[in-house]
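In what follows, chains are A, B, ... by sequence order, proteins preceding strands, each numbered from 1.
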There are 2 protein chains.
Amino acid sequence: MKLRQYEKSELTKERILEAAVDEFAEKGFYGARVDAIAEASGINKRMLYAHFESKEKLYAKVLLIAYEWIAARERECMVEDEDPIDAIKGFVNMTFDFLLENPKFIRLLMWENLNRAVSIPKDELVKLKEPTFEYIRQKIRLGKKLGTVRESVDEHQIVLSVMSFAFAYFSNAHTMSALMDRNLTSREDVLRRSEFISDMIVKYLEA
Amino acid sequence: MKLRQYEKSELTKERILEAAVDEFAEKGFYGARVDAIAEASGINKRMLYAHFESKEKLYAKVLLIAYEWIAARERECMVEDEDPIDAIKGFVNMTFDFLLENPKFIRLLMWENLNRAVSIPKDELVKLKEPTFEYIRQKIRLGKKLGTVRESVDEHQIVLSVMSFAFAYFSNAHTMSALMDRNLTSREDVLRRSEFISDMIVKYLEA
DNA sequence: CAAGAAAGTAACCGTTTGGTTATTTTTGCT
DNA sequence: AGCAAAAATAACCAAACGGTTACTTTCTTG
């Protein structure tokens with residue numbers, strides 16, 4: 001199979017990004033080594049700098065990919081005419097599922113939070129996440145209209161909860177697993193936690 | 001004021017640890033620079049290595065301090081004969097309060113989770129945290145006995161929730177603040193979140 | 001095919017890193 | 001006072017770091 005020059009170039013770029021995702025997820029920006037990324041992708045370090053100006057720029061690109069990764073999954077999950085309670089339950093379960101399958105994503109976001117979320121322009125981040133926010137807010141409002149959600153529920157707090165409880169579980173899993181002497185990231189435990197969290201939120205909404 | 005040799009030595013050690021807490025909290029293990037710690041504590045780098053064998057050992061010590069820090073606060077919070085519901089509410093609120101006042105602690109723990117919790121021996125960690133675990137478990141059991149907590153409540157899940165929701169809020173605050181265009185770490189917002197979380201857990205227990 | 005552009009390589013560079021050596025100063029004890 | 005142990009300093013080191021230079025090979029296109 002003959003590839004054109006620019007196709008090969010794109011392939012190289014992807015190989016670099018793949019290796020970069022691994023390295024940055026594992027060690028963060030400070031810990032990641034440009035040489036390690038070059039070697040892992042089987043290319044020369046010079047080419048890495050030809051494709052991505054600097055370590056910083058490469059890191060930003062990796063992060064953007066990670067955000068787009070989950071944003072795509074979130075979009076799939078948004079169903080216009082689903083019942084509010086089911087929709088929120090579904091969203092929470094989807095998030096647990098996604099994070100179980102994508103441990104690298106968890107780590108990249110944790111590093112980024114420690115970097116105080118400076119590596120990605122705020123407006124790009126908002127653009128990616130705003131639809132999800134709006135989706136959950138609307139479901140809550142609809143629920144109130146239908147009478148399945150209490151009027152006094154603070155939608156701001158629910159949005160925060162729906163979007164962070166799953167992540168919190170995984171990001172603390174190592175410490176907590178050590179403490180509980182149990183592998184909390186097993187499929188079984190994750191499923192149970194997912195069920196608990198969505199149930200808890202729903203009970204609060206309906207209470 | 002004349003100090004004895006070993007007193008001065010202890011003071012130097014403390015100055016190093018103080019600077020190390022700052023540096024490691026800010027930049028994590030990889031990002032932290034031994035030279036920076038030495039300079040910040042106003043001592044010679046050689047003395048740092050005299051007191052703490054290596055960068056790794058120093059980091060482990062810093063982490064242990066951080067854990068002892070909150071463990072002390074947790075012990076204060078444990079009241080033997082308090083009502084189970086009040087006790088759990090109180091514990092959650094205390095945790096929010098502690099984390100609001102100790103942002104360095106949050107960062108140190110986040111780094112450590114990214115290190116997959118390898119820097120501290122598991123048994124030391126368990127020794128520090130087990131009392132808290134047991135306290136919450138007992139309160140739930142007591143609640144069930146008194147009839148204020150539902151029988152079907154999974155105590156394992158509640159322990160996990162009580163111990164991680166506050167932390168989750170703070171550790172994602174930067175990303176979430178950017179998304180919500182609002183400073184979530186203001187005293188006001190933290191208080192509201194604390195109230196919401198404890199209320200949510202309690203509602204679930206009683207439901 | 002010619003020739004220039006793009007892709008790729010190896011060797012190198014200045015700086016910074018964690019850690020050490022050799023040496024001097026201060027302290028504690030008799 | 002005298003002397004050994006502990007505390008402190010400055011200068012240093014090999015390795016590793018992000019990034020670059022100078023050069024060769026491969027591809028595209030008139």
Between A/Glu53 and B/Lys45, whichever has its closest DNA chain D nucleotide further toward 5' is B/Lys45
Can you measure [X] atom [atom1] to [N] atom [atom2] for me and round it to whole angstrom units?
X: A/Leu11; N: D/dC27; atom1: CG; atom2: P; value: 14 Å
X: B/Leu58; N: C/dT17; atom1: CG; atom2: C1'; value: 16 Å
X: A/Glu56; N: D/dG19; atom1: CD; atom2: C1'; value: 11 Å
X: A/Lys55; N: D/dC17; atom1: NZ; atom2: C1'; value: 8 Å
X: A/Met47; N: C/dA10; atom1: CE; atom2: C1'; value: 14 Å
X: B/Leu48; N: D/dA8; atom1: CG; atom2: P; value: 12 Å
X: A/Tyr49; N: C/dA7; atom1: OH; atom2: P; value: 19 Å
X: A/Ile37; N: D/dC17; atom1: CD1; atom2: P; value: 12 Å

Would the number of heavy atoms belonging to other residues, nucleotides or ligands and lying under 6.0 Å from NZ of A/Lys89 be above 12? yes
Do other residues, nucleotides or ligands put more than 12 heavy atoms under 6.0 Å from A/Glu155 CD? yes
What nucleic acid atoms does B/Ala36 come within less than 4.0 Å of, heavy atoms only: base, sugar-phosphate, or nothing? nothing
Using a cut-off of 4.0 Å on non-hydrogen atoms, how would the nucleic acid contact of B/Ala32 be classed: base, sugar-phosphate, or nothing? sugar-phosphate
If only side-chain N and O atoms count, and only distance matters, is there a donor-acceptor pair under 3.5 Å linking A/Ser161 with B/Arg193? yes
Establish, yes or no, whether the cationic atom of B/Lys55 lies under 6.0 Å from the six-membered ring centre of B/Phe29 and within 45° of the ring axis. yes
Quick note, A/Arg33 side chain, CB onward, closest among C/dG19, D/dG18, D/dA7 is D/dG18
Quick one: the side chain of A/Asn44 and the base of C/dA10, do they pair up donor-acceptor inside 3.5 Å? yes
So, is A/Thr12 close to the C/dG8 phosphate, meaning a side-chain N or O under 4.0 Å from OP1 or OP2? yes
Should the pair B/Glu124-B/Lys127 be classified as a salt bridge under the 4.0 Å nitrogen-to-oxygen rule? no
